[in-house]
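Report on the following structure.
Note on naming: letters A, B, ... go to the chains in the order of the sequence lines (proteins, then strands), and numbering restarts at 1 for each one.
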Amino acid sequence: MVGLSLGEKHFIQGGIAQDLRSDGRKRLTYRPIYVETGVIPQANGSARVRLGATDVIASVKAELGKPHPLQPDKGKVAIYVDCSPTAAPIFEGRGGEELSMELSVALQRCLLGGKSGAGYFHTEKSAGISLSSLVVVEGKICWDLYIDGLVVSSDGNLLDALGAAIKAALSNTGIPRVNVAAGASGDEEPEVDVSDEEFLQFDTSGVPVIITLTKVGRHYIVDATTEEESQMSSAVSISVNRQGHICGLTKRGGAGVDPSIILDMISVAKHVSEQLLNQLDSEIAAAEARENES
Amino acid sequence: MEYVSPEGLRLDGRRPMEMRQIRGEIGAVAKADGSAVFEMGNTKVIAAVYGPREVQNRSQQMNDQALVRCEYSMANFSTGDRMRKPKGDRRSTEISLVIRQTMEACIMTHLMPRSQIDIFVQVLQADGGTRSACINAATLALADAGIPMRDLVTSCSSGYLNSTALLDLNYVEDSAGGPDVTVGFLPKLDKVTLLQMDAKLPLDIFENVMQLAIEGCKAVANYIRELLLENTKQLEYRRGV
């Protein structure tokens with residue numbers, strides 16, 4: 001865990017109060033983002049995102065599966081996060097499981113929405129990836145997307161970094177085109193032919209980014225480092241898409257937050273998300289260009 | 001199946017005694033005391049070293065030497081088919097143990113009594129020879145952490161398929177069912193610290209196959225030495241010496 005002396009704690013808190021943090025940033029400034037795509041050749045899509053000393057990898061794997069009986073016209077998406085012990089010795093053995101689970105659930109909530117059907121991916125109008133586009137044969141075959149996140153190095157703000165990595169990995173993803181043999185009907189399983197040349201790309205312009213606002217003292221900051229996170233009273237993670245819609249929200253930390261502050265945080269997150277989205281999009285484009293070159 | 005073509009080329013176009021391309025990078029994890037990435041062809045692993053530091057579990061503390069611990073984990077996306085295995089299955093426990101024993105043999109543990117050194121290796125991509133890649137990455141990470149070592153232990157695998165000794169097997173060759181010899185080697189002391197083989201092999205052929213793996217280890221050691229020298233030069237340059 002972070003071991004800080006009283007003086008260091010005061011320094012961090014005082015810096016945040018004066019809008020000048022330990023690393024010279026302002027309260028609402030992100031660390032520089034560095035994106036690398038196509039890092040895992042075996043996956044359908046992958047990306048590595050570095051945010052200061054935080055380093056995460058996301059990969060997307062597509063497998064053919066069977067749609068859920070209640071939603072025969074939709075594919076399935078699952079997000080799993082794993083915290084590697086390389087990031088911190090406390091993740092050794094089963095030590096990282098709790099955090100992994102917390103991050104997985106928060107990402108599911110922020111990016112996919114809940115099971116109730118009101119979630120982000122389910123509403124066709126604003127969906128980043130419409131689940132319907134993952135269906136191959138209605139009620140029989142669909143694509144299951146497995147999104148795996150891996151925390152390689154941790155210096156705070158894992159959720160935002162993982163969100164960005166997943167967005168980058170999805171834009172890097174190619175789903176093979178599937179040809180269904182004609183004539184199959186009734187109860188028999190249709191025969192499919194998975195193309196290894198033609199790939200469908202996702203339109204990821206609608207995938208939201210996650211902004212975590214960490215409350216330290218009376219102020220809140222974005223992109224907190226581990227040291228700053230150790231001083232937080234509570235944190236609110238808000239996922240916002242290109243249109244400025246709130247797609248999901250999670251509050252962590254013990255202390256209560258005044259409702260008016262939460263509304264204030266949301267409007268700030270909306271404002272910050274525009275910059276982050278632009279920065280991330282240009283980084284992703286640059287990474288893809290680099291990948292195509294090599 | 002034919003693993004070596006009549007022209008003497010392997011499935012991935014290598015000669016029998018050719019290694020895959022190796023690449024190492026020091027300092028991949030900012031927060032660790034020492035870290036490195038090591039690639040052997042498509043196999044890619046990250047190693048991070050924490051320590052020497054206070055022993056976490058007091059009952060494990062040793063008064064005459066340091067405690068060395070190691071954990072090996074594979075990322076869900078590292079293999080061709082996505083896998084979801086619980087942590088600490090038998091295979092990874094065994095590999096953790098192998099890496100720990102190999103590294104323990106070369107760390108000068110008697111210099112750091114009552115302390116603990118943690119080595120964490122994470123496989124990002126598995127394409128055969130993860131054991132070797134992990135040991136090489138761990139060596140680099142230990143060197144980066146500045147932990148005193150007797151020698152730079154390196155590892156390489158070799159096998160025997162189609163009556164040919166092959167160096168540095170990839171996944172396809174590894175799963176062919178032939179013998180797979182993994183050697184850990186101390187190049188300066190000229191000593192073998194790790195030797196594993198499955199399947200049977202006549203004694204005279206085994207000698208050749210093991211010799212081939214040792215040659216591979218020496219090649220890796222040369223590369224690692226160059227890499228560390230280059231890294232030290234960079235550090236020197238940054239300090240303005």
More than 12 foreign heavy atoms under 6.0 Å from [atom1] of [X]: is that the case here?
X: Y3(B); atom1: OH; answer: yes
X: E54(B); atom1: CD; answer: no
X: Y223(B); atom1: OH; answer: yes
X: E98(A); atom1: CD; answer: no
X: E236(B); atom1: CD; answer: yes
X: R177(A); atom1: CZ; answer: no

* Name the region of S154(A), side chain, backbone, both or neither, that has any atom closer than 4.5 Å to a heavy atom of chain B. => backbone

* Proximity breakdown for V60(A) and chain B, heavy-atom pairs closer than 4.5 Å -> neither

* Asked: So what's closer than 4.5 Å to chain A heavy atoms on F77(B): side chain, backbone, both or neither?
  ->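 Both backbone and side chain.
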
* At a heavy-atom separation under 4.5 Å, does S35(B) approach chain A through its side chain, its backbone, both, or neither? ->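 Neither part.
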
* Distance in Å, M74(B) CE paired with D82(A) CG, rounded so as to fall on 0.5 Å steps -> 12.5 Å

Do the non-hydrogen side-chain atoms of [X] and [Y] ever get within less than 4.5 Å of each other?
X: I40(A); Y: Q125(B); result: yes
X: N42(B); Y: Q42(A); result: no
X: L150(A); Y: N76(B); result: no

* **Leading residue by heavy atom contact count with chain B [cutoff under 4.5 Å; candidates A53(A), S59(A), P89(A)]** => P89(A)

* **Which atom of P85(A) lies closest to which atom of Q122(B), heavy atoms considered** => CD-OE1, 4.1 Å

* Mind listing the closest non-hydrogen atom pair of D55(A) and A28(B) along with its distance? =>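 For D55(A) versus A28(B), the nearest heavy atoms are OD2-O, 4.2 Å.
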
* Under 4.0 Å between a Lys/Arg side-chain N and an Asp/Glu carboxylate O for R94(A) and E71(B)? ->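 Salt bridge: no.
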
